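Only one structure is covered here, and it is reproduced in the block below.
Please read these numbers as outputs of a predicted model, since none were measured by experiment.
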Amino acid sequence: MLYKEDWDDAMRRFEAWWEGEVIDRVLIQVTAPRKKPVREVKPLPRPEGLKTEGLGWILAACVDLWGPDPERIDLEFVLNRYELHFSNTYFGGESFPQIWLNLGPGVLATYLTGYWLFRTDTVWFRVPNPMSWEEIEGLDYDPENPYLKVTKWMAEELSKAGEGKFLVGTTDIGGILDVLASLRHTENLLIDLRESPNEVLKASNKIARIWHRCYDELHEIITSHQHGSCAWMGLWSPLKWYPIQCDFAYMISPQDFKTFAVPGLGFHCRMLDHPVYHWDGVGQIPHLDHLLEIPNLRGIQWVPGAGNPGVDEEVWFPLYKRIQAAGKNLVLNGVRPERIEKLLSELKPEGLLISTWARSQEEAEELLKKAAKWSSRKNRS
């Protein structure tokens, strides 16, 4: 791969990681400025009216500026900005260059309703007026939805452009109950758990089926141009992988999580080869036992949430050990470089993925060497 010279080695480590194994060290993703660009990329002018050109939201900004219209969207500009970044970034360890098709977290709601509102660094999917159960029952997969069509078009064009250079990650389809909350509004859905439980489960089943149709179609498009799949969490798999989630679960009890969230999560885990749960915020800690019981849930990514100790702080170590003891993989994004040794003195390297950063390519290369030493059983005994 043009921007990732050791991609074959990284793929082998990822393949072992999904099986809970280690080749020679913990999976570690470290990025840093390159000593020398892979190639010279001259920046193209920023389109007038574009609200942001930050890479995370540049595709959404283009759809906002030009509408969901393939004939108007300037993908040359998007590719230019990404390749400028890729050319100047050292992707160490198992990090890799990726264009993620980000149109906002939970874009399935837009594929169902057509409602989409961009705000420079986020997208709103909550429809202006909550939908009735009858209206939700009438929703279905719509191949002519312009936002779905433009997502597929971007998936095709960008993955084709990335052959041999970078990967393309599937869009953020969303959590089943999170999508339903966009349709019903969160405060109503909380009441629905008590007053209309059967309607919640029925609508969740419908959303889950449409979710997987969208995923499968995007997966087929992307993997016709690249080997394997990736998404916003920064992982790669040779098979079907995706971050599954239920941010709505922050507000509900463990019993409600078991009743209303676990069936959809279990469905994901039957349909996907390598699902990883996005475990977001301290309000979701009470749900851990239910998560660990879901068959084929391959891993959990812990995100403490704003205002809480960082992902590498010792307060979370007991949770990490419970996850590892249950045979699940553990994804820790945003670990400070100086905390990696402590993490590896407490946790097993098997099934553990750490993402971090370095100030220079030399620092990143040295950190990878140290990680191999810290990963050894002899060093941890």
For the residue pair [X] and [Y], establish whether any side-chain heavy-atom pair is separated by less than 4.5 Å.
X: Leu189; Y: Val200; answer: yes
X: Pro349; Y: Arg25; answer: no
X: Glu21; Y: Glu15; answer: no
X: Phe248; Y: Leu180; answer: no
X: Glu76; Y: Leu44; answer: yes

Salt-bridge criterion met for [X] and [Y] (N-O under 4.0 Å):
X: Lys149; Y: Glu144; answer: yes
X: Asp64; Y: Arg119; answer: no
X: Lys369; Y: Glu365; answer: no

What do you reckon, are the aromatic ring centroids of [X] and [Y] less than 6.0 Å apart?
X: Phe96; Y: Trp236; result: no
X: Tyr111; Y: Tyr147; result: no
X: Phe14; Y: Trp241; result: no
X: His268; Y: Trp211; result: yes

Which pairs pass ring-ring contact (aromatic ring centres under 6.0 Å, His included) with one or both residues in residues 54-85, sequence neighbours excluded?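 Passing the test, one end in residues 54-85: Tyr82-Phe86.
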
Under the criterion side chain to side chain contact (heavy atoms under 4.5 Å, CB included), which of Thr151, Ile221, Leu218 is the partner of Glu156?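 So, applying the side chain to side chain contact (heavy atoms under 4.5 Å, CB included) to Glu156 and each of Thr151, Ile221, Leu218, only Ile221 qualifies.
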
Is the NZ or CZ atom of Arg298 positioned over Trp17's six-membered ring, under 6.0 angstrom from the centre and within 45° of the axis?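 No; the conditions do not both hold, so Arg298 does not lie above the ring face of Trp17.
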
When you measure from the centre of the six-membered ring of Tyr141, is the NZ or CZ of Arg213 closer than 6.0 Å and no more than 45° off the axis? yes

How long is the straight-line distance from [atom2] of [Y] back to [atom1] of [X], given to the nearest 0.5 Å?
X: Met131; Y: Ser182; atom1: CE; atom2: OG; value: 11.5 Å
X: Ile222; Y: Leu167; atom1: CD1; atom2: CG; value: 10.0 Å
X: Trp279; Y: Ile244; atom1: CH2; atom2: CD1; value: 14.0 Å
X: Trp316; Y: Leu332; atom1: CH2; atom2: CG; value: 12.0 Å
X: Trp374; Y: Ile354; atom1: CH2; atom2: CD1; value: 9.5 Å

Worked verdict on Leu352 versus Tyr320 for side chain to side chain contact (heavy atoms under 4.5 Å, CB included): CA-CA 10 Å; Leu352 175 62; Tyr320 300 160; over 6 Å; no

Counting distance only, does the side-chain N/O of [X] pair as donor-acceptor with the main-chain N or O of [Y] below 3.5 Å?
X: Arg39; Y: Ser87; value: no
X: Thr259; Y: Asp256; value: no
X: Lys328; Y: Leu297; value: yes

Could you pull out all residues at least two apart from [X] that satisfy salt bridge (Lys or Arg N to Asp or Glu O under 4.0 Å)?
X: Asp74; value: none
X: Asp24; value: Arg13
X: Asp9; value: Arg12
X: Asp216; value: Lys240

With sequence neighbours excluded, give me every salt bridge (Lys or Arg N to Asp or Glu O under 4.0 Å) pair touching residues 53-63. Arg46-Glu53, Glu53-Arg81

Anything under 30° is parallel, anything over 60° is perpendicular, the rest tilted; go ahead and classify Phe267 against His212. perpendicular

Minimal heavy-atom distance between Leu158 and Leu101, with the atoms involved, is CD1-CD2, 3.7 Å

Residue pair Tyr277, Gln284: steps toward the side chain to side chain donor-acceptor pair (under 3.5 Å) verdict: CA-CA 11 Å; Tyr277 186 75; Gln284 293 215 39; 2.6 Å; yes

